[in-house]
Peer 1: 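Let me begin by handing over the structure; questions about it come next.
Below, all heavy atoms of this structure are taken into account, side chains as well, without hydrogens, waters or symmetry copies. As the structure is a computational prediction, the values presented were derived from the model and not from experiment.
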Amino acid sequence: MVQFGYKLAAEGFGPAELVRQAQRAEAAGFDFVEISDHFHPWLDAQGHSPFAWSVLGAIAQGTERIGLATGVTCPFVRYHPAIIAQAAATLALLSDGRFTLGVGAGERLNEHVVGRGYPSVSERHEMLREALEIIRLLWRGGYQSYDGRYLDLEDARIFDLPEAPPKIAVAASGPASAEVAAELGDGLFAVEPDADLVDEYERLGGGGPKYGEASLAWASTAEEAIEAAWTTARWSLTGWKVMSELPNPVNFEAASAYVRREDVAEKLSAGADVDAHVEAVRPYVDAGFDHVALMNVGPDPDAFLDAFESDLGPRLRDLTPSA
């Protein structure tokens with residue numbers, strides 16, 4: 001059975017509001033919440049970017065059953081993997097085992113801020129591999145050291161470890177990252193309904209949960225939904241090669257300057273048509289994703305949460321893969 005999650009838009013809301021939305025998502029029947037781990041928002045119009053790990057700690061203490069996940073954390077430039085290993089272990093304890101560590105190779109937008117540069121794609125994949133090896137090593141317990149090509153660990157121990165370590169879902173967009181997910185992760189994370197990616201992950205031995213992220217825009221009218229999506233989410237139409245490389249919101253403003261509202265309307269299910277939103281999510285279920293996070297880029301999160309509780313959620317739970 002597919003589980004459905006609520007994506008907490010940390011670029012669009014402050015920390016207390018994100019905690020409130022997570023509590024409301026639990027009451028509305030969502031299975032998990034997922035939060036982006038950014039230093040900057042994509043656009044200045046979004047206006048926020050609190051520290052995801054503090055928000056998650058508050059959510060863990062303010063909820064009872066809902067799963068928690070990062071979507072996703074880069075564990076090797078802005079952070080050292082030892083810090084992520086410690087943070088994830090702590091959050092697993094605070095949430096009674098409800099936390100999943102989503103990791104990926106990151107974006108320049110967030111990672112350049114510490115002044116260490118931003119590696120090439122191939123280097124990022126190697127660094128992600130080393131980071132995961134370090135995290136796994138520390139979760140074994142005891143004092144550990146690691147001497148890698150890119151990353152090192154010196155005589156480190158995590159003292160507060162859960163009985164079972166958190167699951168790790170690795171973001172992938174092609175064969176190289178799918179291999180890392182299958183070899184060193186416990187699950188797959190993706191933002192496109194790519195059946196070939198799921199097949200490759202499973203062919204390489206991956207057998208864990210498969211997380212997908214589906215965007216939609218909920219509002220009383222399609223026009224209102226599209227306007228909100230254009231204002232805060234038009235950056236997403238620039239494509240991954242742009243999204244991973246630009247350093248600041250002002251650069252995304254420039255890169256998305258020629259994205260039209262009509263372009264957004266072509267890419268998003270927008271408005272209050274439940275049938276349309278269900279059909280927008282269907283490709284993820286057909287592609288084999290068993291965890292689907294809904295990213296609402298409409299103007300009113302509470303209206304969306306109410307809609308999920310009353311109608312959209314039950315309809316989505318009836319989805320089964322097409323023949």
Side-chain angles (χ1 to χ4, degrees), residues 5 7-11 32-42 49 52-53 56 68-81 83-85 87-88 91 99-114 116 118-136 150-151 166-194 197-198 200-201 204 206 208-215 235-236 238-247 284 289 291-293 295:
K7 180 65 180 278
L8 294 164
E11 303 82 15
F32 64 97
V33 291
E34 175 194 301
I35 188 170
S36 49
D37 185 356
H38 279 204
F39 194 88
H40 290 148
W42 299 98
S49 199
W53 294 91
L56 284 167
L68 315 176
T70 48
V72 293
T73 288
C74 176
F76 55 78
V77 180
R78 181 168 40 118
Y79 302 120
H80 188 279
I83 303 304
I84 297 304
L91 196 54
F99 177 63
T100 296
L101 175 60
V103 298
E107 305 96 9
R108 189 183 299 270
L109 174 71
N110 307 300
E111 306 309 317
H112 82 277
V113 299
V114 294
R116 296 180 55 204
Y118 190 59
S120 68
V121 173
S122 60
E123 287 177 322
R124 294 201 299 271
H125 285 155
E126 289 303 312
M127 293 175 81
L128 179 58
R129 178 181 292 276
E130 290 189 7
L132 291 173
E133 289 174 351
I134 288 172
I135 291 168
R136 295 285 193 198
Y150 298 101
L151 299 169
K167 290 188 180 299
I168 300 176
V170 179
S173 57
S177 45
E179 182 179 356
V180 176
E183 182 181 345
L184 292 172
D186 303 301
L188 177 74
F189 185 99
V191 294
E192 299 287 344
D194 188 342
L197 182 66
V198 171
E200 180 71 2
Y201 168 71
L204 293 166
K210 295 167 282 288
Y211 286 80
E213 190 173 294
S215 294
W235 54 268
S236 62
T238 60
W240 181 245
K241 288 186 180 297
V242 173
M243 290 162 54
S244 64
E245 295 296 338
L246 297 184
Y284 288 87
F289 291 92
H291 289 65
V292 181
M295 173 67 179

Peer 1: Are Leu91 and Pro166 close enough that some pair of their side-chain heavy atoms sits under 4.5 Å apart?
Peer 2: no
Peer 1: Do Val198 and Asp194 have side chains that approach each other closer than 4.5 Å (heavy atoms only, starting at C-beta)?
Peer 2: no
Peer 1: Are Leu68 and Val33 side-chain neighbours, meaning at least one heavy-atom pair lies under 4.5 Å?
Peer 2: yes
Peer 1: On a heavy-atom basis, which atom in Ala178 and which in Leu197 lie closest, and how many Å separate them?
Peer 2: CB-CD1, 4.0 Å
Peer 1: Between Arg78 and Asp37, is any pair of side-chain heavy atoms under 4.5 Å apart?
Peer 2: yes
Peer 1: What pairs with Tyr211 under ring pair (Phe, Tyr, Trp, His ring centres under 6.0 Å), at least two apart in sequence or on another chain?
Peer 2: Phe32, His291
Peer 1: With sequence neighbours left out, what residues match Tyr201 under ring pair (Phe, Tyr, Trp, His ring centres under 6.0 Å)?
Peer 2: none
Peer 1: For the pair His40 (side chain) and Leu109 (backbone), establish whether a donor and an acceptor sit closer than 3.5 Å, ignoring hydrogens and angles.
Peer 2: yes
Peer 1: When rounded to the nearest 0.5 angstrom, what is the spacing between OG1 in Thr73 and NE2 in His38?
Peer 2: 9.5 Å
Peer 1: Are Arg129 and Glu126 side-chain neighbours, meaning at least one heavy-atom pair lies under 4.5 Å?
Peer 2: yes
Peer 1: List the steps and the verdict of side-chain contact (heavy atoms from CB on, under 4.5 Å) for Phe76 and Glu130.
Peer 2: CA-CA 9 Å; Phe76 55 78; Glu130 290 189 7; over 6 Å; no
Peer 1: Ignoring hydrogens, what is the shortest heavy-atom contact between Ser36 and Ala52? Give both atom names and the distance.
Peer 2: O-CB, 3.6 Å
Peer 1: Counting C-beta onward and ignoring hydrogens, is there a side-chain heavy-atom pair between Trp42 and Glu107 closer than 4.5 Å?
Peer 2: yes
Peer 1: Report the residue from Leu101, Leu188, Leu184, Val103 that forms a side chain to side chain contact (heavy atoms under 4.5 Å, CB included) with Val170.
Peer 2: Val103
Peer 1: Do Thr70 and Trp53 come close enough that some side-chain heavy atom pair is under 4.5 Å?
Peer 2: yes
Peer 1: Please determine whether side-chain contact (heavy atoms from CB on, under 4.5 Å) holds for the pair Glu213 and Phe189, giving the CA-CA distance in whole Å, both sets of side-chain angles, and the decisive distance to 0.1 Å.
Peer 2: CA-CA 8 Å; Glu213 190 173 294; Phe189 185 99; 3.5 Å; yes
Peer 1: Just so I know, are the side chains of Leu151 and Pro81 near enough to count as touching, which here means a heavy-atom distance under 4.5 Å?
Peer 2: yes
Peer 1: Please report the closest heavy-atom contact between Gly106 and Tyr118, naming both atoms and the distance.
Peer 2: O-OH, 2.7 Å
Peer 1: State whether Arg124 and Glu245 are salt-bridged, where the test is any N-O pair (Lys NZ or Arg NE/NH1/NH2 against Asp/Glu carboxylate O) under 4.0 Å.
Peer 2: yes
Peer 1: Excluding sequence neighbours, so at least two apart, what forms salt bridge (Lys or Arg N to Asp or Glu O under 4.0 Å) with Arg136?
Peer 2: Asp186
Peer 1: Of all residues at least two apart in sequence or in a different chain, which pass the salt bridge (Lys or Arg N to Asp or Glu O under 4.0 Å) check with Glu133?
Peer 2: none
Peer 1: More than 12 heavy atoms of other residues, nucleotides or ligands under 6.0 Å from NZ of Lys7: is that the case?
Peer 2: yes
Peer 1: Please name the pair of heavy atoms, one in Ser236 and one in Met243, separated by the smallest distance, quoted to 0.1 Å.
Peer 2: O-SD, 3.9 Å
Peer 1: Who are the salt bridge (Lys or Arg N to Asp or Glu O under 4.0 Å) partners of Glu200, not counting sequence neighbours?
Peer 2: Arg203
Peer 1: Testing the basics here: between Glu192 and Tyr284, what is the closest heavy-atom pair and its distance to 0.1 Å?
Peer 2: C-CE2, 3.7 Å
Peer 1: Of all the heavy-atom pairs spanning Val114 and Val77, show the shortest one and how long it is.
Peer 2: CG2-O, 3.9 Å
Peer 1: To the nearest 0.5 Å, how far apart are CE in Met127 and CG in Leu132?
Peer 2: 12.0 Å
Peer 1: Applying side-chain contact (heavy atoms from CB on, under 4.5 Å), name anything that partners Ser173, two or more places apart in sequence or on another chain.
Peer 2: Ser177
